[in-house]
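Some notes on the structure that comes next.
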Amino acid sequence: QVQLVESGGGLVQAGGSLRLSCAASGSIRSIHFMGWYRQAPGKQRELVTTINSSGGIDNADSVKGRFTISRDNAKNTVYLQMNSLKPEDTAVYYCYADLTTHWAQRRDYWGQGTQVTVSS
């Protein structure tokens, strides 16, 4: 009943920029958190950044000063502006949401992932 759809991944040279989008759709009553995780081949999935219902932001140390999360509440959408990209940023980026449906069920949801590749 709820779907997260990511877009914006691709191939970019080191030092370049990408902008990711994630739109949540379905029977949503309220969103508590939305954000981004990433997973490189052979590595654990790790937090990148999140934004909560009050606008509070949590960032991984590795992306502070380079990545910026933002939201459009009317569209139930979050964005990730990635600047000064490094090869170590290469990973599949996953959108997630902690939300309550119109049926008053609070659940976690994940997007399908979008590939970001940064060449040196």
Legend entry - Pair T77, D72: side-chain N/O donor-acceptor within cut-off below 3.5 Å: no

Inset, instruction - Answer whether the closest heavy-atom distance between the side chains of E6 and L20 falls below 4.5 Å. - result: no

Inset, instruction - Identify whether L4 and V92 are in the same connected component of the hydrophobic contact network (ILVMFWY, side-chain heavy atoms under 4.5 Å). - result: no

Legend entry - Spacing of K64 atom NZ and T49 atom OG1 [to the nearest 0.5 Å]: 10.0 Å

Inset, instruction - May I ask whether V116 and L47 are part of the same hydrophobic cluster, defined by side-chain heavy atoms of I, L, V, M, F, W, Y residues being less than 4.5 angstrom apart, directly or through others? - result: no

Inset, instruction - Show your working on side chain to side chain contact (heavy atoms under 4.5 Å, CB included) between Y96 and T50 and close with a plain yes or no. - result: CA-CA 9 Å; Y96 95 95; T50 62; 3.3 Å; yes

Inset, instruction - Take M34 and C22, measure what side chain to side chain contact (heavy atoms under 4.5 Å, CB included) needs, and give me the verdict at the end. - result: CA-CA 9 Å; M34 290 189 74; C22 175; 4.0 Å; yes

Legend entry - Side-chain heavy atoms of Q105 within contact of V2, under 4.5 Å: no

Legend entry - Basic-acidic side-chain contact under 4.0 Å: K86, D89: no

Legend entry - Test item: T90 side-chain N/O and V118 main-chain N/O as donor-acceptor pair under 3.5 Å: yes

Inset, instruction - Considering non-hydrogen atoms only, spot the tightest contact between A91 and A40 and give its length. - result: CB-N, 3.8 Å

Legend entry - Heavy-atom check, side chain of S17 versus side chain of Q81, under 4.5 Å: yes

Legend entry - SG on C95 to CH2 on W110, rounded to 0.5 Å: 9.0 Å

Legend entry - Residue among V78, I31, I57 satisfying side chain to side chain contact (heavy atoms under 4.5 Å, CB included) with R71: V78

Inset, instruction - Kindly indicate whether a cation-pi arrangement holds for R19 with Y79, taking the cut-offs as under 6.0 Å to the six-membered ring centre and within 45° of the axis. - result: yes

Legend entry - Nearest-0.5 Å distance, OG of residue S53 to CG of residue L99: 12.0 Å

Inset, instruction - Can you measure from CD (Q112) to CD (Q3) and round to the nearest 0.5 angstrom? - result: 8.0 Å

Legend entry - Whether E46 side chain and Y37 backbone form a donor-acceptor pair below 3.5 Å: no

Inset, instruction - Step through it carefully: locate the ring centre of W36, locate the ring centre of Y93, and say whether they are under 6.0 Å apart. - result: no

Legend entry - Nearest-0.5 Å distance, CD1 of residue I51 to CD1 of residue I69: 5.5 Å

Legend entry - Flag side-chain contact, heavy atom, 4.5 Å: N76 against I28: yes

Legend entry - Worked check of side chain to side chain contact (heavy atoms under 4.5 Å, CB included) between Y109 and Q1: CA-CA 10 Å; Y109 295 89; Q1 63 179 358; 4.1 Å; yes

Inset, instruction - Could you check R107, H32, R29 and say which one makes a side chain to side chain donor-acceptor pair (under 3.5 Å) with T100? - result: H32

Legend entry - side chain to side chain contact (heavy atoms under 4.5 Å, CB included) assessment of F67 paired with V48: CA-CA 9 Å; F67 292 9; V48 178; 3.8 Å; yes

Inset, instruction - Output yes when a side-chain donor or acceptor of S54 lies under 3.5 Å from a complementary backbone atom of N52, and no otherwise. - result: no

Inset, instruction - With the side chain counted from C-beta on, respond yes when L80 and T68 share a heavy-atom pair under 4.5 Å apart, and no when they do not. - result: no

